[in-house]
Amino acid sequence: MGKRVGMEVAIAAAEAAALCKFDVASVYPITPQSHVAEHLADIVNDGRVDASFITVESEHSALSSAMGASATGARVVTATSSQGLLYMGEVMPITSSMRLPIVMLIANRAISGPINIWNDHSDIMPMRDTGWISFFAENGQEVVDMTIQAFRVGEDRRVMLPVNVNMDGFQLPHMVEPIFFPDQEEVDRFLPEYVPYATLHPDRPVSMGTLGMPEIYAEAQKAKDVAVVNSIKVVKEVWKEWEKLFGRKYEPIQSYRTRDADVALVTMGSMGETAEIAVDALRKQGVKAGLLKIKLWRPFPFAELKKAVKGIRVLAVTDRACSFGGPGGPVCSEIRSALYEESVRPAIVNYLIGLGGRDVQAEDFMEMVRRAAKGKLSEPYEFYGVRG
Amino acid sequence: MNTAMNHPKSIIENFDLYAPKLVSKEEFFSPGHRACQGCGEALAIRLMCKALGKDTVITNATGCMEVISSLYPTTAWTLPWIHVAFPNAAAVGSGVEAGLTALRRKGKIADRRVKSVAIGGDGGTMDIGFQALSGAMERGHDMLYVCFDNEAYMNTGIQRSSGTPFLASTSTAPAGKKIPGNQVWKKNMAEIMVAHNLPYVATASPSYPLDFMKKVKKARRIKGPSYIHCLVTCPTGWRSASETCIKLGRLSLETGIFPLYEVEDGKYRLTVEVPEKRRPVQDYVKGQGRFRHLTPDQIQVIQERVDIEWETLMIKVNCSKSREELRAVREK
Amino acid sequence: MSEKKWPETWQEVNPGCMVFRPGSAAAYHTGSWRAMRPIWDNVKCIKCGVCYIYCPEGCVTEDADGFFEANLDYCKGCGICAHECWPGAIKMVNEED
């Protein structure tokens, strides 16, 4: 029944892909994703997985060649970060529109400028509306589990969509963590061989990536949206099965000490663990703090969110990216609009935190909760801890 | 009007008279496609597909050929075909090759060779797709890339590309009162591909269909990367009469503007004979509206450049040796 | 695959807008674009097939006797065949004539 090892999370992510027996890896190196790329290459070149590794000349080509390979019916993994993800930006929506279930490991990193290699979520946020399913991992274990789950969800005939697994750059990929790995046989049972809907092969010629005129484009977009929206059922189903098999529970929104919470933090990614420490400390001080951790960013879990905020007076939503000239952070604007129709809803404050690798400690989260208790900040959104 | 009467003979030069009859009647690019009347590119695609045959996957860059052939819910293609975007046909095609190779090796698909062929126009190949092409060729995928060069961004309205000839008038390099059209010489894409040390590089034209198809077949057989640069007439963009499509291709050869050659293992060879006394550039430019503004002096400048390029190519044809030949010399 | 009614509803759109009917573009008849059409004079025709090889539509076919004709459902009337016909066996005539 599996094994527990201490392993750098980037390497563990590649090992998880190896357990999924990918056929093709197409990856271009970029900090802080490089160890993922390097280890995928190690796995292929050592013959541990019978696969082709394409040493592409750019991220644009990484995702493009991944699409070509996926269209032949191969199971394909790619990985990137930051500017690389933006460079893939042209191809991102096409991947989902063409319904190719590629899995992408993203070591989230700030986007330029100024150039900055450290972690925040400003790379994935511009990709929010491209039709990919987006998982956010909190720790190394979740990176491994979600990588395996991603193939299963994406390849499901009811889904047929690409999935990205987001891990906070450096905070996760460069850490050595204790991680449970399932056995190969367990993964094989959980993840059957990929049976593609259609493939590029002369035995059954198909044209993929055709031209959609105005009379059909809107219908195609609606069909894609419905596919993304409905995929949440499969995500939840797969997570339930995972819990049954491996005992680790996954939910689109994980609640921590929110039953009687007055003020709840909202985090996405690795800061959830720090926020938990803050919540515990606040509770010791008699502050009724709680925490909501978003694990599924797309499709956005509207119903789960509404359920999770019941009884909470104030939400302190943290964002790791800014929507310049917009409503603040993308996570907060999503939550605000999700709760707008509710007759009883919490007050919402928005902190932009941890930008470009800025450290956020438990004390910071405690401070955020204390100030959020008023239900309002002096600004619509606050760059937390910014000098001046 | 019988136009053939106005342009007699010479047509069968370099042309085995009855050979077209022997060409496979199988079509892999169906009629009903929306290419303009007399489109040299659609013709070249049709011929290429005949030469490639069934066991082929086509990756198409965004451009005229993708638009005119894939209007959902129909397709002109009977070969498996994929289009993703403008700059990445070579990258997608390299992924197709990697996927097919891995799946075949793992016994997940039939155990036979299916060739990955990527195609793009001059913009999708020489400009925006240049990096992806260089990468795919350099990595040594077993794939063929064919550039169908009609010398401008025709799909978007005849804007200048790096394939546009010197002084040609395009919508972004128009023949203005001050600046008479495109101000730089056409990029020599075939030479750039030769510099990638590919086992096979060739230039081609649908005006010489048998030569073109022979080259496609040769490239198909090669286990590795190969590149064919095919010059195709665009009556819309060149502002030429649709029926002169083939003639213009022929004139591009007879003037020495676009000689047909192949570079196999580093050795250059002319594949279609060019007349000893090459026709003047004037003969090529006169039927094309894009060159209508040229003065005799400007045509002379082009003529001199064509002469120099021709001589440069002849030096390579006469002096180059294949790597195989060079190895043999060393062993002696 | 059976023909679906057009335009499709969103439920009917093929996933990824894939097309599973190879060569189905032939359902569209480009012959309506034509202003002139080619006429073959089989007395002059030497059955070389130049018209067949040079047709961008691939709509020139050989009959049982080895002569050639254009499928007027698709012929766009570009005139290449007539222009290239070595013995001058093809002429272009106005559609109205």
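The shown structure was predicted, so the numbers you read here are calculated from the model rather than taken from an experiment. Every chain is numbered from 1 and lettered A, B, ... according to where its sequence line falls, protein lines coming before strand lines.
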Inspect the contact between B/Glu26 and B/Lys54 and indicate whether a charged nitrogen and a carboxylate oxygen are less than 4.0 angstrom apart.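 No, no charged N to carboxylate O under 4.0 Å.
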Against chain B, label [X] side chain, backbone, both or neither, depending on which of its atoms sit under 4.5 Å from a heavy atom there.
X: A/Phe22; result: backbone
X: A/Ile216; result: side chain
X: A/His201; result: both
X: A/Ser207; result: both
X: A/Val91; result: side chain

In terms of the angle between their ring planes, are B/Tyr145 and B/Tyr227 parallel, tilted or perpendicular, with boundaries placed at 30° and 60°?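 Correct class here is parallel.
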Geometric cation-pi criterion, B/Arg160 with B/Tyr153: 6.0 Å, 45°: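 No, B/Arg160 does not sit over the ring of B/Tyr153.
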Taking the six-membered ring of B/Phe130, is NZ or CZ of B/Lys187 closer than 6.0 Å to its centre and within 45° of its axis?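 The answer is yes, since B/Lys187 meets both limits relative to B/Phe130.
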Between [options], which residue shows the highest count of heavy-atom pairs closer than 4.5 Å to chain B?
options: A/Ser61, A/Ala74, A/Pro202; result: A/Pro202
options: A/Ala51, A/Ser58, A/Ala69, A/Ala62; result: A/Ala69
options: A/Thr95, A/Leu63, A/Thr199, A/Asp23; result: A/Asp23

Please report the closest heavy-atom contact between B/Cys147 and B/His229, naming both atoms and the distance.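 Smallest heavy-atom distance, with atoms named: SG-CE1, 3.6 Å.
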Chain A contact via [X] - side chain, backbone, both or neither, heavy atoms under 4.5 Å:
X: B/Leu103; answer: side chain
X: B/Arg104; answer: neither
X: B/Ile109; answer: side chain
X: B/Val67; answer: both
X: B/Val57; answer: side chain
X: B/Thr78; answer: backbone

Hey, which of B/Lys186, B/Met189, B/Met126 is the one that makes side-chain contact (heavy atoms from CB on, under 4.5 Å) with B/Ser162?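 It is B/Met126; the other options fail the test.
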Among A/Asn164, A/Val159, A/Val165, the one residue meeting side-chain contact (heavy atoms from CB on, under 4.5 Å) with A/Ile133: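 Looking at A/Asn164, A/Val159, A/Val165, the match for A/Ile133 under the side-chain contact (heavy atoms from CB on, under 4.5 Å) is A/Val159.
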Which of [options] touches chain A most, by non-hydrogen pairs under 4.5 Å:
options: B/Ala90, B/Pro80, B/Ala110, B/Ala98; answer: B/Pro80
options: B/Glu66, B/His83, B/His141; answer: B/His83
options: B/Gly135, B/Ala132, B/Ala136, B/Ser134; answer: B/Ala132

Can you list the steps and then say if B/Phe28 with B/Trp77 is a ring-ring contact (aromatic ring centres under 6.0 Å, His included)? CA-CA 6 Å; B/Phe28 298 93; B/Trp77 300 88; over 10 Å; no
Identified salt bridge (charged side-chain N to carboxylate O under 4.0 Å, His left out) partner of B/Asp142 from the options B/Arg221, B/Arg220, B/Lys115: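 It is B/Lys115; the other options fail the test.
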For B/Ser94 and B/Glu97, does a side-chain donor sit closer than 3.5 Å to a side-chain acceptor?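 There is no such pair between these side chains.
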Is it true that atom NZ of B/Lys108 has more than 12 heavy atoms of other residues, nucleotides or ligands lying nearer than 6.0 Å?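 Count over threshold, so yes.
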